[in-house]
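Throughout, a chain's letter reflects where its sequence line sits, starting with A, and its residues are numbered from 1. Scope of the values below: all heavy atoms of this structure, side chains included, with no hydrogens, waters or symmetry mates.
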Amino acid sequence: MIDLRLLRDNPDVVRASQQARGDDPALVDAVLDADTRRRTSLTEFEGLRAEQKALGKQVATASGDQKAALLARTKQLAEAVKKHQAEANAAEAELDELLYRIPNVVEGAPPGGEDDYVVLKEVGTPRDFAAEGFIPRDHLELGEGLAAIDTARGAKVSGSRFYFLTGIGARLELAILNAAMDQAVAEGFTPMITPTLVTPATMRGTGFLGAHADEIYRLERDDLYLVGTSEVALAGYHGDEIVDLSGGPRRYAGWSACYRREAGSHGKDVRGIIRVHQFHKVEMFSYCAVEDAAAEHERMLAWEEAMLAKVELPYRVIDTAAGDLGTSAARKFDCEAWLPTQQRFLELTSTSNCTTFQARRMNVRERTADGTRTVATLNGTLGTTRWIVAILENHQQADGSVRVPEGLRPYLGGLEVLEPVR
RNA sequence: GGAGACGUCGCAUAGUCUGGUCUAGUGCGCCACCCUGCUAAGGUGGUAACGGCGCAAGCCGUUCGCGGGUUCAAAUCCCGCCGUCUCCGCCA
């Protein structure tokens, strides 16, 4: 939820943000209007309520005729109070409903849609397989050769977009996630294993029940949602709390399974394990002071790049365009690894600065000299199942074996090459 | 799944039976000041959040797990839900 005060004081900023995202700027005026109506009806209600309370006190001490007269008046008043309270509540609900529809105010992201990203930099050089004299295999062919990935049995057991990681495949995923967790811990993050089922309130608070609600699994019978990322649980972790940030940002590294319906992606990335219903992820999450958020965002990006360096992948960093930002994000940087068999970049990490948007919804504040204020939250990927795809393809050798990047060897018992099983 | 107990301003607790000086008391902690020459103690005051009005000082409203209800009036009575603990059942 955006800051109502910002919207009141600087509606043009919010209008411009809506414009940049390709959303309706008129929503801003609808909110302003609803806010005015809410305040009017609230003032009316509060005046009546004050009168009612004052008279109520007199009733307590009065007696006889005096009491009867007072009761007659307070009865009328009670009815009026009830009516105005209902009105004030309705006005408030209307305001909330409108306010919830406004996504976070964009901060620095380039305008435009999905294709209007800006490439910030490219790191590493894609291999020239033609020069090396062989045609690269894609990750599934490699994974099957290594007896690492089994999508056929995944489909048999759970349906399309499910898979088994088998043998070295399972070990490789654990290696990636453990390397990510170790790096996070070394940087001072608190490691967390989080719930993957959350209440509607938590899911709504983190901003995932808006435009992309179709992406989320819901357990009807229990009124719970399956998370698409541990960000959800980590954002809820300090919900309704006043956190102490005097020692700097509070950083958590969440390890969890992630579930996505992939409802709108029919026919996209159907082969292999690029786009699946369930995967695992180590996610960084930070609560920090709002002035520190932009710098923390840079740090998140740097930590992601450090992980990518460990697995020795060529990648680029993009500054996501406003229209492609999530509801909660004010700015987002993605790291995309080169995928040789598709001659394109594939998103491996994504870090978002949610400024105070998410924390306001979750009611996470800090104490300052002047009282309390909402904190900022940020998140960023440190490792996922999908990284296997890029690692297999980029480090493959002519014989179908795969070189293990040095950063992962300690997590694979020193193994230097993954050999095909035949 | 069943039974019982509990949920109060950072923490601990009083208040709920018997609705109205509860403007939610007290202790601890914390902050400020005072006193005191001594590894301390004592004294005084302050110390929740959110919202509305106001240039401001301040005034007002909301919140006693959450949501309804009864009532002129609810921390207090009634109903539903959530959570915690104890015991039982069931299951790894």
Point to revise | Steps toward salt bridge (Lys or Arg N to Asp or Glu O under 4.0 Å) verdict (E79(A), K83(A)) | key: CA-CA 6 Å; E79(A) 222 165 287; K83(A) 179 168 158 265; over 6 Å; no
Closest to the [X] side chain: [options]?
{"X": "T43(A)", "options": "G61(B), A49(B), G52(B)", "value": "G52(B)"}
{"X": "R38(A)", "options": "A49(B), C72(B), G51(B)", "value": "G51(B)"}
{"X": "Q52(A)", "options": "G52(B), U62(B), A73(B)", "value": "A73(B)"}
{"X": "E46(A)", "options": "A49(B), C72(B), G51(B)", "value": "G51(B)"}
{"X": "A50(A)", "options": "C60(B), C72(B), G52(B)", "value": "C60(B)"}
{"X": "R367(A)", "options": "G52(B), C50(B), A48(B)", "value": "A48(B)"}
{"X": "K82(A)", "options": "U70(B), G61(B), G51(B)", "value": "U70(B)"}

Exercise for review: For R49(A) and for R373(A), locate the closest nucleotide of RNA chain B by heavy-atom distance; then report the residue assigned to the nucleotide nearer the 5' terminus.
Suggested key: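 Its nearest nucleotide being more 5', the pick is R373(A).
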Review point. Which residue, R5(A) or K75(A), contacts RNA chain B at a nucleotide closer to its 5' end, judged by nearest heavy atom?
Key: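 Taking each residue's closest nucleotide, the earlier one in sequence belongs to R5(A).
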Practice item. Mind calculating the distance between CD (Q85(A)) and P (U62(B)) to the nearest angstrom? Key: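 In whole Å, U62(B) P and Q85(A) CD are 8 Å from each other.
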Exercise for review: Starting from C1' on A48(B), measure out to CD on E241(A) and report it in whole angstrom.
Suggested key: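 Taking atom C1' of A48(B) as the reference, CD of E241(A) is at 15 Å.
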Practice item. Kindly determine whether I149(A) and T166(A) satisfy side-chain contact (heavy atoms from CB on, under 4.5 Å), including the steps that lead there. Key: CA-CA 6 Å; I149(A) 301 172; T166(A) 58; over 6 Å; no
Review point. So does D29(A) pair up with R15(A), basic N to acidic O under 4.0 Å?
Key: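 Salt bridge present between D29(A) and R15(A).
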[N] versus [M] - spacing of their [atom1] atoms, nearest Å:
{"N": "U39(B)", "M": "U23(B)", "atom1": "P", "result": "46 Å"}
{"N": "C22(B)", "M": "U8(B)", "atom1": "C1'", "result": "12 Å"}
{"N": "G7(B)", "M": "A75(B)", "atom1": "P", "result": "16 Å"}
{"N": "G46(B)", "M": "C59(B)", "atom1": "P", "result": "14 Å"}
{"N": "C77(B)", "M": "A14(B)", "atom1": "P", "result": "16 Å"}
{"N": "G19(B)", "M": "U71(B)", "atom1": "C1'", "result": "9 Å"}
{"N": "C64(B)", "M": "G69(B)", "atom1": "P", "result": "15 Å"}

Under a 3.5 Å cut-off for both distances, is [N] Watson-Crick or wobble paired, and to whom?
{"N": "C53(B)", "answer": "G58(B)"}
{"N": "C87(B)", "answer": "G2(B)"}
{"N": "C35(B)", "answer": "none"}
{"N": "C77(B)", "answer": "G69(B)"}
{"N": "U13(B)", "answer": "G25(B)"}
{"N": "A40(B)", "answer": "none"}

Review point. So, do Y287(A) and F285(A) have ring centers that fall under 6.0 Å from each other?
Key: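 Yes.
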**Study point:** Ring-ring centroid check H238(A) Y252(A), cutoff 6.0 Å
**Key:**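 So the answer is yes for these two rings.
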NA contact type, [X], heavy-atom cut-off 4.0 Å: base, sugar-phosphate, or nothing?
{"X": "R8(A)", "answer": "sugar-phosphate"}
{"X": "Q76(A)", "answer": "nothing"}
{"X": "R365(A)", "answer": "sugar-phosphate"}

Point to revise | Distance (rounded to the nearest 0.5 Å) between L7(A) CG and L27(A) CG | key: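 So the CG of L7(A) and the CG of L27(A) are separated by 9.0 Å.
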Review point. Side chain to side chain donor-acceptor pair (under 3.5 Å) with R37(A): which of D35(A), T40(A), D33(A)?
Key: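 The residue from D35(A), T40(A), D33(A) that satisfies side chain to side chain donor-acceptor pair (under 3.5 Å) with R37(A) turns out to be D33(A).
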